[in-house]
There are 2 protein chains.
Amino acid sequence: MDPATPEPVNVGESIESTLALIQRWSTRAENRRSLHDAEGAALSSTDSWLLERLVASKPIRMSRLAEWLEVDKSTMTTEVKRLESAGLVTRTPDPADRRAVLVSATEAGAVAIDRHRRIAQDVYNTLVGKWNEEDRADFARLLTRFSDELSWVTDAVWRHNESV
Amino acid sequence: MDPATPEPVNVGESIESTLALIQRWSTRAENRRSLHDAEGAALSSTDSWLLERLVASKPIRMSRLAEWLEVDKSTMTTEVKRLESAGLVTRTPDPADRRAVLVSATEAGAVAIDRHRRIAQDVYNTLVGKWNEEDRADFARLLTRFSDELSWVTDAVWRHNESV
DNA sequence: TATTGTTATACTCTATAACTATA
DNA sequence: TATAGTTATAGAGTATAACAATA
C-alpha cells in the first residue's frame with residue numbers, strides 16, 4: 001500500500017527473545033506447579049499436553065500417542081505409567097490386537113485438565129487485562145496464526161541447514 | 001469508542017494453547033538441537049539463556065547467576081560445569097573473596113550464542129515471512145509487551161490462588 | 001555465625017538398545 | 001519377519017540437604 005517500502009521489522013528477534021523467556025518461565029513455573037493443583041493432581045506440561053489429547057480423542061494406542069506427541073514409545077510407557085499411578089488415565093489391552101494397549105483419560109483426568117486449562121487461561125487473561133480490546137484481539141489472532149505456522153518450523157530448520 | 005461493548009476476546013485461551021504448543025515444540029526441538037551446531041556446540045535453552053547473559057554481562061559470581069536465572073545454586077554448579085566442559089565458559093576464583101567463583105563466556109561461547117540466536121531469528125523470520133508488514137509489526141510489538149507482562153505472571157498466579 | 005559454592009542424592013522427562021509377546 | 005510395547009540404562013536439568021571453605 002505504502003509506495004515507500006518501510007524498514008522491515010525484525011520480528012524474528014522479538015520472537016526469539018520472547019520465546020526464550022517463555023521457555024525459561026515455563027521451566028520455572030513447572031517447579032511451582034503445585035500452585036495449580038489444590039486437588040492433588042500436579043500436571044506438568046507433558047502431562048497436560050497428553051491429557052488434553054486423551055480427553056479429546058478416546059481410547060488410543062500407545063504407538064499412536066507416541067507418534068502424536070513425537071516422542072519415543074519408551075517415553076510414552078514411562079509417561080502413561082506415571083499418569084496411571086496418578087489415576088488420570090487407564091490402560092486396557094486392545095481386544096482386537098493383543099500386542100496393543102489402549103489408553104484413555106479417566107474422569108479425574110478430564111477434571112484435572114479442565115481445571116488446569118481454566119487456571120492458565122485466567123492467569124493469561126489477567127496478564128493482558130489492562131490491554132485495550134483491539135490489542136487483545138490482535139494478539140489472540142496473531143498468536144494463533146503463529147502457532148499454526150509453528151507446525152512447519154521443523155521443516156524451516158531443515159531448509160535453513162540445507163542452505164548453509 | 002464503540003458504544004456497544006463488544007464480546008471480549010478470550011485471549012487467555014489463545015495464549016494458553018499457543019504457549020502449550022511452543023513448550024511442546026521446544027521440547028522436541030531441543031532433541032534436534034544438533035541441527036543448530038554444525039560447529040559442535042549444542043545449546044539447550046538453558047545453555048543459551050545462561051550464555052546470553054554471560055556474554056552481555058562480564059565475570060559474574062555463581063550466586064548472582066543463580067539468582068538471575070532463578071535456579072538453585074547447586075543447579076548452577078551443574079550447568080556451569082557442563083558449559084565449562086564444552087569450552088563455552090570459564091570459571092576463575094574471585095581474588096576479592098576466595099569463597100566466590102567468577103564465571104565468564106569464552107570466545108567460543110560468544111560465537112556459539114551468536115550463531116544460535118541468528119539461526120533462531122532466521123527460522124522465525126521465515127515463519128512469518130508471508131505475513132504482511134503490519135501484522136508482523138503488530139505481532140512483534142504485542143509479543144514484546146506480553147513478555148514484559150510475563151515477568152509478573154508469578155504474582156498473578158499467587159493472586160489467583162489466594163482468591164480461590 | 002553467615003555466606004559461597006560443591007557434593008550426594010533424587011525425581012522428571014527424554015532417548016537408545018535389548019527384549020518379550022503377538023501378528 | 002515385523003509390529004506393539006516394556007525394561008534397562010543413560011543423560012539433562014532441576015531440587016534439597018549436608019558439607020567445606022572462607023568471611
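Convention: sequence-line order gives letters A, B, ...; per-chain numbering from 1. Bear in mind that the values here come from a model prediction, so they are computed numbers and not experimental data.
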Does a salt bridge link [X] with [Y], judged by any charged N lying under 4.0 Å from a carboxylate O?
X        : Y        : result
B:Glu79  : B:Arg82  : yes
B:Arg118 : B:Asp122 : no
B:Arg141 : B:Asp138 : yes
B:Arg99  : B:Asp94  : no
A:Glu16  : B:Arg117 : no

Check: Can you tell me how far the CD1 atom of A:Ile60 sits from the CG atom of A:Leu54, to the nearest 0.5 Å?
Finding: 7.0 Å
Notebook entry, point to check: How far does CD1 of B:Ile22 sit from CD1 of B:Ile15, to the nearest 0.5 angstrom?
Noted result: 10.5 Å
Margin query: Quiz question: going by heavy-atom distance under 3.5 Å, is there a donor-acceptor pair between the base of D:dT16 and the side chain of B:Ser74?
Written below: yes
Notebook entry, point to check: Is any N or O donor-acceptor pair between the side chain of A:Arg98 and the base of C:dT22 shorter than 3.5 Å?
Noted result: no
Can you tell me the distance, in whole Å, between the [atom1] atom of [X] and the [atom2] atom of [N]?
X       : N      : atom1 : atom2 : answer
A:Leu69 : C:dA15 : CG    : P     : 10 Å
A:Lys81 : D:dG5  : NZ    : C1'   : 10 Å
A:Lys73 : C:dA21 : NZ    : P     : 15 Å
A:Leu83 : C:dT12 : CG    : P     : 11 Å
B:Arg82 : D:dT14 : CZ    : P     : 8 Å
B:Leu43 : D:dG13 : CG    : C1'   : 15 Å
B:Asp72 : C:dC11 : CG    : C1'   : 14 Å
A:Asp94 : C:dA21 : CG    : C1'   : 14 Å

Checklist line | Sugar-phosphate, base or nothing in reach of B:Arg64, heavy atoms under 4.0 Å | finding: nothing
Check: Hey, which of these two, A:Thr75 or A:Asp97, hits DNA chain C nearer its 5' end, going by closest nucleotide?
Finding: A:Thr75
Check: Does A:Arg99 or A:Glu79 map to a spot on DNA chain C nearer the 5' end, using the closest nucleotide for each?
Finding: A:Glu79
When you measure from the side chain of [X], which nucleotide among [options] comes out closest?
X        : options               : result
B:Ala100 : C:dT4, C:dT6, D:dT7   : C:dT4
A:Asp47  : D:dG5, C:dG5, C:dC13  : C:dC13
B:Thr77  : D:dG13, C:dT7, D:dT16 : C:dT7

Between [X] and [N], is there a contact of a side-chain N or O with OP1 or OP2 at under 4.0 Å?
X       : N      : answer
B:Thr78 : D:dA12 : no
B:Ser44 : D:dG13 : yes
B:Arg24 : C:dC13 : no

Margin query: Is it true that A:Asp47 and A:Ser44 share a donor-acceptor pair across their side chains at a distance under 3.5 Å?
Written below: yes
Next item on the list: Please round to 10 degrees the angle between the axis of the first five pairs and the axis of the last five pairs in the helix from C:dT1-D:dA23 to C:dA23-D:dT1.
Entry: 20°
